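What follows is a set of notes on a single structure, which appears directly below.
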Amino acid sequence: MDITQLPSWQQLETLAQHMRRRHLRDLFAADPERGRRFSLELPEFLFDYSKNLVDDEVLVKLLQLARDADLGTWRRDMFAGAPINRTEGRPVLHAALRGGLPDSVELHGGAVQSQVESELGRLKEFVNLLHNGGVTGCTGKAITDVVNLGVGGSHLGPQMVIEALRAHRRGDIRVHFVSNVDGAQLADVLEQLDTETTMFVVSSKTFTTTETLTNARSALRWFGDMMSQEQILHSHFVAVTANPEKAREFGITPQRVFQFWDWVGGRYSLWSAIGLPIAIAIGFNGFRALLDGAAGMDRHFREAPLEENAPVLMALLSLWYCTFMGYPAHAVLPYEQALHMLPAYLQQADMESNGKSTTRAGEEATYATGPLIWGMLGINGQHAFYQYLHQSPEVVPADFIGSVTPGHDLPGHHEILLANMLAQSQALMNGVSVGQVASELAAKGLSEDEVAALAPYKVHRGNKPSNTILLRELNPGSLGALIALYEHKIFVQGVILQIYSFDQWGVELGKGLAAALQPQLESGDAHDQDTSTSQLIDFYQRVRSGTPVHGAAG
Ligand code: F6P
């Protein structure tokens, strides 16, 4: 099926032309019930999508497109464990990790669920032992610090969650993260640690990722000759992987290898043993609550009618902007300090999933696919890039995310924070017309000429759309639901755009080239490279070897 030939698709293209001439101000003025009608109250949060450039007609057509794209079948197939990740021949079952499958689904005679439960059981036992001081280094001292060595999905999810749930920490084991092969990061972390009381978690789905394995080898060297290599690996190293064989080859004791499976995508893996650092930081019960929160969102996604389904609506709105309205970027703006890593986490989740241009039919997509996701803490962004959001000619739809309950007890702060969040979405929506600006300036006593000269710079066109997700409270359950909301949003968008969301071939090319360039950097012999690359390698070599480098190129 060529999706662009569907009547719903073509009607949406026409509606987008009309909608570009409408203003959010007018949509609100025309419907006193808009705020209430275009929002959903779920157990963990209020999802307000009323400040979006859509009306009932657009929403009806978007929902029709979802039906025409067979969303229901794809959703059923995903939860049933069908191999919907066809380019890798795998099912997509991260929902199974949190018990989020329908009761009727028994995959492989119950094997999937029992594998999940048994690995969770091992995790629980290990975490409790660690918390009770029962995990010791090779000199017999209890482990006090755990360093996660992993990158991408083996890093971003766990660290983002731990940062988000700082207020829910249990025990006093400190958790650190090293993701970068730039030795500066590992060196910085090691400086704070004691070999006798440190444990490394080598987190890698494939256990072949150069960055992670290089860090693991350097971590092993850091112990020096304190004990034999076998003893150090036995007492100070744990692995989390879908490739246990490779972890054993590295020398990690099988009892300390925690497993997950190839049906869990790296960027969807925080619910698996990859979440070990989370369970260490917030306790196993906290980790369970995170899983339960996500399972609640799985249920909502499976059962709610499409028009009341939060991930479906989010996906449709994102698709509306990116594909039909021509707004290619989307900002994630948390107004909650604890969520400071959420934009980085969602960048991988969304862009590694839907940043593609080949359709399921193997053809070049003739339409825009997933958005460019970016953002940072809203308050900091206000003093950095919001100028662009408000007054550049581009339209960047945004998600504002906040929490009703503060994560601290300092009086006065939270109201300022949330007032800013509300003010920004309102300012983006309404803008300020030249007439308003002129009367404000005149009221301040400016002359007519002064008003005319200054007013154009102060105009805000407005009409910049946003969602607001207002959590009741940020806790393990609501965070689980929030992450799963985005996961399903990404899935829905991929299904409708006919993209395979669960592979990531685009990250492989650079990996292969880096492997070939590494020896050339060392040898300096890069004559077979393009002239830019060979020049850069030559410069590198001359600086490294102390040969004088001339200021000008040529
Ligand atoms: O960057 C590409 C990627 O393959 C991601 O998909 C993945 O999360 C990351 O590398 C790390 O991979 P691994 O967990 O196998 O080390």
Side-chain angles (χ1 to χ4, degrees), residues 84-94 97 119 123 147-162 177-182 185-186 200-220 237-250 252 257-278 341-356 370 372-373 483 486-487 490-491 494 499-515 517-518:
I84 61 163
N85 173 4
R86 290 198 191 140
T87 54
E88 295 182 325
R90 296 171 183 165
V92 174
L93 280 170
H94 45 273
L97 299 168
E119 216 49 27
L123 222 58
V147 185
N148 189 80
L149 305 176
V151 68
S154 300
H155 155 238
L156 285 166
Q159 192 177 10
M160 181 274 285
V161 169
I162 291 174
F177 287 87
V178 175
S179 57
N180 200 335
V181 75
D182 183 339
Q185 193 187 20
L186 180 61
F200 291 92
V201 179
V202 188
S203 287
S204 176
K205 178 176 172 183
T206 54
F207 225 82
T208 58
T209 303
T210 309
E211 293 90 324
T212 300
L213 294 182
T214 304
N215 282 327
R217 284 189 212 101
S218 294
L220 184 55
F237 280 79
V238 166
V240 179
T241 184
N243 192 351
E245 203 41 55
K246 282 256 180 253
R248 277 178 222 129
E249 270 170 35
F250 188 88
I252 297 175
V257 176
F258 297 96
Q259 205 186 335
F260 64 113
W261 305 274
D262 67 0
W263 38 261
V264 182
R267 55 194 173 274
Y268 299 89
S269 64
L270 72 88
W271 322 100
S272 72
I274 287 287
L276 174 61
I278 303 175
M341 281 192 66
L342 187 66
Y345 169 78
L346 289 177
Q347 276 183 330
Q348 188 200 13
D350 203 317
M351 292 163 79
E352 200 169 83
S353 297
N354 289 339
K356 295 165 188 169
L372 182 154
I373 303 284
I483 302 168
Y486 276 99
E487 284 182 345
I490 292 163
F491 166 75
I499 292 289
Y500 283 125
S501 299
F502 297 100
D503 60 22
Q504 55 285 314
W505 302 110
V507 298
E508 295 306 324
L509 176 62
K511 286 186 196 173
L513 294 178
L517 282 165
Q518 190 189 326

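Since the model is a prediction, treat every value here as computed from it, not as a measurement. Start at 1 and go down the list; that is how both ligands and their atoms are numbered. Position 1 is the first residue of the sequence, and the numbers go up from there.
Closest to atom 2 (C) of ligand 1 by heavy atom, among N243, V240, V202, V507, is V507.
At a 3.5 angstrom cut-off on N or O pairs, T212 does not count as close to ligand 1. Ligand 1 has an N or O atom lying under 3.5 Å from an N or O atom of S204, backbone or side chain. Taking any N or O of T206, backbone or side chain, at least one lies under 3.5 Å from an N or O belonging to ligand 1. At a 3.5 angstrom cut-off on N or O pairs, G266 does not count as close to ligand 1. Residue K205 places at least one N or O, backbone or side chain, under 3.5 Å from an N or O of ligand 1. Between R267 and ligand 1, no pair of N/O atoms sits closer than 3.5 Å.
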- prompt: Would Y486 and D350 satisfy side-chain contact (heavy atoms from CB on, under 4.5 Å), going step by step from the backbone distance to the final call?
  reply: CA-CA 8 Å; Y486 276 99; D350 203 317; 5.7 Å; no

query: Can W271 and E487 be said to form a side-chain hydrogen bond (donor to acceptor under 3.5 Å, both in side chains), step by step?
result: CA-CA 12 Å; W271 322 100; E487 284 182 345; 2.8 Å; yes

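Contact annotation: the side chain of H155 never approaches that of S203 to less than 4.5 Å [non-hydrogen atoms, C-beta and beyond]. Using a 4.5 Å heavy-atom cutoff, the side chains of F177 and L156 are not in contact. A heavy-atom distance below 4.5 Å is not found between the side chains of F207 and R248.
Side chain of N85 to backbone of Y500: no donor-acceptor contact under 3.5 angstrom is found. With hydrogens and angles disregarded, no donor-acceptor distance shorter than 3.5 Å links the side chain of N215 to the backbone of N148. A donor-acceptor contact shorter than 3.5 Å links the side chain of T206 to the backbone of T208.
The aromatic rings of Y268 and H94 sit parallel, their planes meeting at an angle under 30°, below the 60° perpendicular limit.
Residue Q348 places a heavy atom less than 4.0 Å from ligand 1.
Remark: ligand 1 atoms within the under-4.0 Å shell around heavy atoms of E352 are 1 (O), 2 (C), 5 (C), 6 (O). Atoms of ligand 1 found under 4.0 Å from any heavy atom of G153 (numbered from 1 in listed order, with element): 7 (C), 8 (O). Remark: ligand 1 atoms within the under-4.0 Å shell around heavy atoms of T209 are 12 (O), 13 (P), 15 (O), 16 (O).
The shortest contact between atom 11 (C) of ligand 1 and any protein heavy atom is with V151 O, 3.2 Å. In terms of protein heavy-atom proximity, atom 10 (O) of ligand 1 is closest to K511 NZ, 4.1 Å.
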